[in-house]
Participant: 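The structure follows.
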Amino acid sequence: MLGPVILAASRSDRMRRFISAAPGTKQVVDRFIAGENVDHVLPVVRESVDKGLELTLDVVGEDITTPAEAAAARDAYLELVGRLKDLDLGAKAEMSVKLSMFGQALENGHELALANVRPVVEAAAAIGTTVTLDAEDHTTLDSMFTIHEELRKDFPQTGCVIQAYLFRTEDDARRLAAAGSRVRIVKGAYKEPASVAYQDKAEIDKAYVRIMKILMEGDGYPMIGSHDPRLVAIAQELGRQAGRKLDEYEFQMLYGIRSDEHVRLAAEGHRMRVYTAYGTDWYGYFMRRLAEKPANLLFFARSILTKG
């Protein structure tokens with residue numbers, strides 16, 4: 001199983017230096033990262049909207065070590081909101097944030113992350129869009145869910161992410177599947193111990209389906225984060241069984257993966273949102289994309305061999 005090995009490498013400074021210096025890295029990174037700054041990503045937003053797609057935008061970067069860095073992350077999102085407003089794209093592009101970027105792991109990190117993310121959520125609401133709080137490793141989730149509940153008091157459209165591979169997630173889904181909630185379900189992309197998470201792919205897939213059913217039968221708005229054709233088809237069937245219209249849930253897929261499927265689902269009338277990351281601190285995000293699918297790793301290996 002290469003996935004856990006790659007996820008472990010995502011925490012290694014030595015591997016970060018090696019991967020960053022590899023001749024073929026940029027070619028592969030460009031597949032998953034839409035650019036280094038907001039000027040690079042805005043044309044991607046416009047092109048995607050013209051294809052009938054929506055987006056969720058992620059400014060990558062998780063290794064925050066000081067309050068000043070956390071404030072800079074907040075300001076990067078505020079700049080993004082301002083640029084979306086100028087181009088009148090707020091209705092088509094929401095934002096995804098990792099609370100680790102906003103200082104969650106620092107001293108008094110819970111309060112710091114809430115203080116930093118709140119102005120981003122407020123600014124997003126002012127231009128007609130919203131923010132989804134990404135899930136990170138299991139030790140951060142209680143803090144994330146508490147911040148989510150706090151933000152929803154003033155901004156009820158604030159979304160959150162749940163991860164199918166965690167044992168706790170079915171209970172979280174039941175709690176979150178309430179009127180007005182927005183919940184993205186993903187399989188999970190962090191290295192988690194067997195004490196808290198399923199390790200077998202088949203068990204993760206079964207959990208994913210159980211959780212989708214909970215969300216579809218609930219009163220909230222499910223966001224199905226998967227590229228798996230079988231899970232996409234099951235989601236469509238569960239939506240039909242629950243009596244949901246096509247605009248009462250959505251699919252989300254990553255920028256650079258199965259792009260033809262993005263367009264196909266949108267053409268069928270589904271809401272299709274592309275998770276689009278940009279920024280210079282791409283390493284952790286990139287390594288999780290490699291870990292998720294062997295084909296991504298093979299593509300990277302071929303690129304290094306070709307360029308080396």
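For the single chain, residues carry numbers from 1 onward in sequence order.
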Participant: Give, for atom CZ of Arg83 and atom CG of Leu78, the distance between the pair rounded to the nearest 0.5 Å.
Facilitator: 14.0 Å
Participant: Below 4.5 Å, heavy atoms only, C-beta onward: do Phe167 and Tyr198 meet side chain to side chain?
Facilitator: yes
Participant: Could you give the distance from CD1 (Ile64) to CG (Leu99), rounded to the nearest 0.5 Å?
Facilitator: 12.0 Å
Participant: With no hydrogens and no angle check, do the side chains of Asp58 and Tyr275 hold a donor and an acceptor under 3.5 Å apart?
Facilitator: yes
Participant: Any non-hydrogen side-chain atom of Glu54 less than 4.5 Å from a side-chain atom of Val49?
Facilitator: no
Participant: Say whether His270 and Gln236, considering side chains only, have a donor N or O and an acceptor N or O under 3.5 Å apart.
Facilitator: yes
Participant: Please test Glu122 against Arg118 for salt bridge (charged side-chain N to carboxylate O under 4.0 Å, His left out), starting from the C-alpha separation and ending with a verdict.
Facilitator: CA-CA 6 Å; Glu122 183 176 7; Arg118 181 180 288 278; over 6 Å; no
Participant: Charged N to carboxylate O below 4.0 Å: is that the case for Glu149 and Lys153?
Facilitator: no
Participant: Quick one: CD1 on Ile147 to CZ on Arg152, what's the gap to the nearest 0.5 Å?
Facilitator: 15.0 Å
Participant: Under the 3.5 angstrom rule, does the side chain of Thr158 hit a backbone N or O of Val131 as a donor-acceptor pair?
Facilitator: no
Participant: When you check the side-chain N and O atoms of Asp247 and Tyr221, is any donor under 3.5 Å from an acceptor?
Facilitator: no
Participant: So if you build clusters from Ile, Leu, Val, Met, Phe, Trp, Tyr with side-chain heavy-atom gaps below 4.5 Å, do Met212 and Leu246 land together?
Facilitator: yes
Participant: Please lay out, stage by stage, how Tyr278 and Leu80 fare under the test side-chain contact (heavy atoms from CB on, under 4.5 Å).
Facilitator: CA-CA 11 Å; Tyr278 72 96; Leu80 173 60; 3.6 Å; yes
Participant: Short question: side chain of Asn108, backbone of Glu111 - any donor-acceptor pair under 3.5 Å?
Facilitator: no
Participant: Step by step, would you call Val45 with Thr276 a side-chain contact (heavy atoms from CB on, under 4.5 Å)?
Facilitator: CA-CA 9 Å; Val45 175; Thr276 305; 5.9 Å; no
Participant: For the atom pair CD1 (Ile224) and OH (Tyr208), what is the distance rounded to the nearest 0.5 Å?
Facilitator: 5.5 Å
Participant: How about CG on Asp86, more than 12 heavy atoms from neighbouring residues, nucleotides or ligands closer than 6.0 Å, or not?
Facilitator: yes
Participant: Do the side chains of Met253 and Met272 get nearer than 4.5 Å, heavy atoms only?
Facilitator: yes
Participant: Does the side chain of Leu166 come within less than 4.5 Å of Asp172's, by heavy atoms?
Facilitator: no
Participant: For residues Arg184 and Ser96, is any side-chain donor paired with an opposing acceptor at under 3.5 Å?
Facilitator: yes
Participant: To the nearest 0.5 Å, what is the distance between CE on Met144 and OG on Ser100?
Facilitator: 11.5 Å
Participant: For Phe102 together with Tyr77, are the ring centres under 6.0 Å from each other?
Facilitator: yes
Participant: For residues Leu42 and Leu84, determine if any side-chain heavy atom of one lies less than 4.5 Å from a side-chain heavy atom of the other.
Facilitator: yes
Participant: Looking at Phe145, does the NZ or CZ of Arg175 lie under 6.0 angstrom from its six-membered ring centre and within 45 degrees of the ring axis?
Facilitator: yes
Participant: Using atom types as modelled and distance alone, determine if a side-chain donor or acceptor of Gln163 lies under 3.5 Å from a backbone N or O of Glu136.
Facilitator: yes
Participant: So, Gln157 versus Arg182: side-chain donor-acceptor pair below 3.5 Å or not?
Facilitator: no
Participant: What do the steps show when you test Arg240 against Arg244 for side-chain contact (heavy atoms from CB on, under 4.5 Å), and what is the final call?
Facilitator: CA-CA 6 Å; Arg240 283 192 289 267; Arg244 287 183 177 267; over 6 Å; no
Participant: When you check the side-chain N and O atoms of Ser143 and Gln104, is any donor under 3.5 Å from an acceptor?
Facilitator: yes
Participant: For Thr65 and Glu69, test the side chains for any donor-to-acceptor distance below 3.5 angstrom and give the result as yes or no.
Facilitator: yes
Participant: Look only at the side chain of Arg273 and the backbone of Thr56, and say whether a donor-acceptor pair between them is shorter than 3.5 Å.
Facilitator: no
Participant: Are Lys187 and Asp205 close enough for a salt bridge, meaning some N to O gap below 4.0 Å?
Facilitator: yes
Participant: Check the side chains of Glu94 and Thr130 for a donor-acceptor pair under 3.5 angstrom, ignoring hydrogens and angles.
Facilitator: no
Participant: Taking Pro222's backbone N and O only, do any of them form a donor-acceptor pair with Glu248's side chain (distance below 3.5 Å, no angle check)?
Facilitator: no
Participant: Supply the atom-to-atom distance His148 NE2 to Leu141 CG, rounded to the nearest 0.5 angstrom.
Facilitator: 12.5 Å
Participant: Is the backbone N or O of Ala113 less than 3.5 Å from a side-chain atom of Arg74, with the two atoms forming a donor-acceptor pair by type?
Facilitator: no
Participant: Below 4.5 Å, heavy atoms only, C-beta onward: do Ile162 and Leu215 meet side chain to side chain?
Facilitator: yes
Participant: What I want to check is whether the side chains of Ser226 and Asp228 have a donor and an acceptor closer together than 3.5 Å.
Facilitator: no
Participant: Indicate yes or no: does Glu268 engage Arg264 in a salt bridge with an N to O separation below 4.0 Å.
Facilitator: yes
Participant: May I ask you to decide if Arg168's main-chain N or O and His138's side chain share a donor-acceptor pair within less than 3.5 Å?
Facilitator: no
Participant: Mind checking whether Phe251 and Arg271 have side chains closer than 4.5 Å, heavy atoms only?
Facilitator: no
Participant: As a quick check of understanding, evaluate side-chain contact (heavy atoms from CB on, under 4.5 Å) for Gln241 and Glu217, giving each step before the final call.
Facilitator: CA-CA 9 Å; Gln241 291 177 8; Glu217 292 178 350; 5.8 Å; no
Participant: For residues Ile204 and Ile234: do they belong to one hydrophobic cluster (side chain heavy atoms under 4.5 Å, members Ile, Leu, Val, Met, Phe, Trp, Tyr)?
Facilitator: yes
Participant: A quick test of your reading: do over 12 heavy atoms of other residues, nucleotides or ligands sit less than 6.0 Å from CD of Glu107?
Facilitator: no
Participant: Heavy atoms only: give me the nearest Ala277-Val60 pair and the separation to one decimal.
Facilitator: CB-CG1, 3.5 Å
